[in-house]
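Each remark here refers to the structure printed beneath this line.
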Amino acid sequence: MSELANGPVALPEIGKVNLLDLDRRDLEAFFAALGEKPFRATQIMKWIYHERVTDFAAMSNLSKALRERLAACAEIRLPEVILDQASRDGSHKWLIRLDSGNSIETVFIPEPDRGTLCISSQIGCPLDCSFCATAQQGFNRNLTVAEIIGQVWQASRLLGDVRNGNRIITNIVLMGMGEPLLNFERVVKATDLMQDDLGFGISKRRVTLSTAGVVPALYRLREASEVSLAVSLHAPSDELRNQLVPLNRKYPIAELLAACRHYIADKPHRRITWEYVLLDGINDSVSHAHALAALIKPIPSKVNLIPFNPFPGTHYQRSGAAAIARFHAVLMAHDLTVVTRKTRGDDIAAACGQLAGQVQARGRRRVPIMPVAQVAG
Ligand code: SAH
């Protein structure tokens with residue numbers, strides 16, 4: 001199944017095609033291969049994403065013969081939600097089982113003017129950012145398109161989102177587990193489905209991909225997608241960033257900034273969101289703030305300051321309230337747009353960098369996997 005997600009659409013000889021792995025173009029090709037007209041793709045997308053119907057037998061505008069053919073060669077198989085935790089503040093965290101031993105987490109954060117769904121793109125993460133809980137778990141594999149879009153499908157069902165009324169999910173951010181640009185093709189297809197009118201119909205600018213800075217993939221992304229971009233900067237110098245985000249040793253800050261500038265070039269109203277986690281005594285001084293401002297000022301920017309969210313085993317601490325306020329004020333004095341992110345869902349460990357799920361790591365792992373009960377605690 002996962003092979004089909006990336007390659008050309010082939011009729012299955014081995015297993016059933018999961019239609020959630022296919023974007024609109026893939027579905028048209030799939031129906032063409034069945035000898036059907038392209039509008040079948042429109043019909044089936046409406047059933048899946050607008051009506052949330054996954055049983056071919058209930059798709060009343062398809063002929064009985066076609067429904068039977070579909071049931072024989074295809075399926076609509078969603079990842080399974082095994083735990084739904086609601087925070088006092090209205091946030092939700094869902095634990096989603098993918099296969100034996102692996103699960104991921106998806107978070108919903110309601111605010112007065114929007115509802116943001118934070119989704120994962122990989123099981124674990126191969127990057128080794130020193131302040132991130134996911135990094136400690138190591139990496140298992142990329143998520144399939146079905147597993148990425150399936151998180152949106154499940155959240156939308158559980159929240160009772162209505163497409164044509166007041167939307168509950170208005171924004172989607174790829175800020176959960178994993179580095180989305182290391183799962184490029186699948187993430188692009190899944191974000192296309194989020195933005196497609198026949199999919200979830202989320203406005204283009206409200207789907208945001210967050211990256212630690214995989215520079216070559218950023219150049220490809222501009223050609224392949226229209227998502228908004230958030231970049232995890234976290235430090236104004238290569239020396240410090242090398243320690244926090246080891247990927248920086250491969251793609252240093254100057255190269256990353258050039259790629260970001262290119263990403264929004266000739267796109268009016270677009271800007272880069274810079275994420276900056278505030279670590280006590282590490283990257284939160286006034287001089288760090290001035291250096292950060294100098295770096296990003298030439299680029300249309302917004303800064304998201306994220307007070308560090310601790311997790312078991314970390315040696316970092318969150319910056320104090322005074323240091324956070326000072327850092328924020330220095331950036332404001334440079335005329336930058338700055339938001340200090342409020343910590344939401346802290347009673348259910350749903351904040352940035354706390355997402356863990358369960359990862360059967362194949363590679364490096366520095367600490368034992370946290371048991372689900374502890375993560376869910
Ligand atoms: N790999 C992607 C997306 C996942 S992380 C990326 O690096 O952008 C989403 C955001 O949460 C990133 O900005 C990440 O640096 C931040 N983050 C990770 N651990 C954190 C922690 N413990 N506290 C606060 N933010 C954290």
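Atoms within each ligand, like the ligands themselves, are counted from 1 in listed order. Treat the numbers as computed from the prediction; the structure is a model and nothing was measured.
Proximity of a side-chain donor or acceptor of R114 to a complementary backbone N or O of T170 within less than 3.5 Å is not detected.
Residue contacts with ligand 1, taken as heavy atom pairs separated by less than 4.0 Å, involve M175 via backbone and side-chain atoms alike. With a 4.0 Å cut-off on non-hydrogen atoms, H234 touches ligand 1 through its side chain and not its backbone. Of the heavy atoms in F131, both backbone and side-chain atoms come closer than 4.0 Å to ligand 1. Within the 4.0 Å heavy-atom criterion, neither part of V245 lies near ligand 1.
Heavy-atom proximity to atom 8 (O) of ligand 1, evaluated over S232, G213, C125, C129, is greatest for S232.
Residue C132 approaches ligand 1 through these ligand atoms, each under 4.0 Å from one of its heavy atoms: 18 (C), 19 (N). Close contacts between ligand 1 and G176 involve ligand atoms 4 (C) [criterion: under 4.0 Å to a heavy atom]. For ligand 1, the atoms lying closer than 4.0 Å to a non-hydrogen atom of F308 are 21 (C), 22 (N), 23 (N). Close approach of ligand 1 to N309 is summarised as follows: ligand atoms under 4.0 Å from at least one heavy atom of the residue are 21 (C), 22 (N), 23 (N), 24 (C). Set against the non-hydrogen atoms of V277, the atoms of ligand 1 under 4.0 Å away are 23 (N), 24 (C), 25 (N). Those atoms of ligand 1 that come under 4.0 Å of a heavy atom in A212, given as number and element, are 6 (C), 7 (O), 8 (O). Near I306, with a cut-off below 4.0 Å to any heavy atom, the atoms of ligand 1 are 24 (C), 25 (N).
Contact check for V339 versus L305: no side-chain heavy atoms found under the 4.5 Å cut-off. S210 has its side chain out of reach of L174: every pair of non-hydrogen atoms, C-beta onward, lies at least 4.5 Å apart. Contact check for R241 versus L256: side-chain heavy atoms found under the 4.5 Å cut-off.
The shortest N or O to N or O distance between G178 and ligand 1 is below 3.5 Å.
Checked against a 6.0 Å centroid threshold, the rings of H288 and F327 do not count as neighbours. Aromatic ring centroids of F131 and H234 lie under 6.0 Å apart. A centroid separation of 6.0 Å or more is found between the aromatic rings of F31 and F39.
Because its NZ or CZ atom is not both nearer than 6.0 Å to the ring centre of F200 and within 45° of the ring axis, R163 does not count as a cation-pi partner of that residue.
Under the 4.0 Å criterion applied to side-chain N and carboxylate O atoms, D280 and R318 are not assigned as salt-bridge partners.
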